[in-house]
K.L.:
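I am attaching a structure below and will ask some questions about it afterwards.
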Amino acid sequence: MSVQSTGLFHTRISSLININRLLPDRVVKDVMGMDIPVPSKEGFIRQVLGWREFVHHIHVATDGFRTLSTGNPPVAPGPGDGGYSRWAGKRWPSKRLPGDPDGGAKPSFLGYETPLPPAFWGETSGFACLDHIVSGIWTEGYSHHITRLMVLCNLVTLIGVSPRELTDWFWVAYTDAYDWVVEPNVLGMGTFAVGELMTTKPYVSGASYILRMSDYCERCAFDPKANCPFTNLYWAFLARHEALLRRNPRRRMVMASLRKRDVVRRQYDQAVFSMVRDTLLSGNVIKPEKLPGM
Ligand code: SF4
């Protein structure tokens, strides 16, 4: 992710493919015939033949998660989960109403219902990463998938936004967005809204990951190694879902680190979470001087 390019190493043909002006078969054959390294071919083809076909299958098989029952949860419910046990045997709540045949399913495995903050519609948030990406989206109707996952989906999951609200926003914001594309990617992968149906863990991270994968932090009022709220939001998220995540083998190390985090730091994480969520929801700018005191 870079301020120097909105496309970077991405082809930007997703909009043309998704309206059938380019056919997947054609682009795969073109890439197969190119004189480029095999890993480059593989990286492209598995996105088209692999992930793209998989999310289409998920959409068709579940009618956009509308007909999906959670009677056989991939994770056995446990005490304090607040997750699958609430959903077991039920269908996802749906917005589909008489006269609203296109209303989408509203799964929220983590129980999140916070509205989408105004920053996604162009208000300044004070987070250089978010503000840069959102500005580019409203200019081009596009940002590449790493920005979608690592910053947009990550942040809304960390502050507890309704996955459906983010999904509907994607549908408005991106020129390549269609229900069959957006619902599996945002509900299924980006926000963990259907639990472990499509991914093995929530896709969340703190500031160190964004620092490593971008040049956004150089231009930010926050220091990713000292006071960036993403990191506190990340720890607060892990603490909120500790009972659920500690059973996940892929989370074992980070959950061990969480257990070593002292109570003062945990309280501070929670205070940052409340401040960031409330400030973003009110449409105000988050500034370092507004951070709660330790
Ligand atoms: S310091 Fe934090 S808020 Fe600022 S760009 Fe980096 S990750 Fe985003």
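Side chains are part of it too, since the values below use all heavy atoms of this structure and drop only hydrogens, waters and symmetry mates. Since the structure is predicted, the reported quantities are computational estimates derived from the model, not experimental observations. Both ligands and their constituent atoms are indexed starting at 1 by order of listing. Counting begins at 1 with the first residue of the sequence.
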K.L.:
Going by distance alone, is a donor N or O of one side chain under 3.5 Å from an acceptor N or O of the other, for Thr6 and Glu140?
P.N.:
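Indeed, the side chains of Thr6 and Glu140 share at least one donor-acceptor pair under 3.5 Å.
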
K.L.:
Counting C-beta onward and ignoring hydrogens, is there a side-chain heavy-atom pair between Glu165 and Pro115 closer than 4.5 Å?
P.N.:
yes

K.L.:
Which residue owns the protein heavy atom closest to atom 1 (S) of ligand 1, what's the atom, and how far is it?
P.N.:
Phe222 O, 3.6 Å

K.L.:
Any donor-acceptor pair under 3.5 Å linking the side-chain atoms of Asp215 with those of Ser2?
P.N.:
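Asp215 and Ser2 do have a side-chain donor-acceptor pair below 3.5 Å.
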
K.L.:
Suppose we measure from atom 4 (Fe) of ligand 1 to each protein heavy atom; which comes out shortest, and what is that distance?
P.N.:
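The protein heavy atom lying closest is Cys220 SG, 2.3 Å.
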
K.L.:
Which protein heavy atom lies closest to atom 3 (S) of ligand 1, and at what distance to 0.1 Å?
P.N.:
Phe127 CD2, 3.5 Å

K.L.:
Is it true that His144 and Tyr174 have ring centroids separated by less than 6.0 Å?
P.N.:
no

K.L.:
Report, in ascending order of atom number, the atoms of ligand 1 lying under 4.0 Å from any heavy atom of Cys217.
P.N.:
1 (S), 5 (S), 6 (Fe), 7 (S)

K.L.:
Quick check: does Cys228 put an N/O/S atom under 2.8 Å from atom 2 (Fe) of ligand 1?
P.N.:
yes

K.L.:
Does Cys129 put an N, O or S atom under 2.8 Å from atom 8 (Fe) of ligand 1?
P.N.:
yes

K.L.:
In ligand 1, which numbered atoms sit nearer than 4.0 Å to a non-hydrogen atom of Ile210?
P.N.:
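The atoms of ligand 1 under 4.0 Å from a heavy atom of Ile210 are 7 (S).
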
K.L.:
Between Asp30 and Arg26, does at least one N-O distance fall below 4.0 Å, as a salt bridge requires?
P.N.:
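Between Arg26 and Asp30 there is a salt bridge, with a charged N closer than 4.0 Å to a carboxylate O.
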
K.L.:
Are the ring centres of Phe230 and Phe222 closer than 6.0 Å?
P.N.:
no

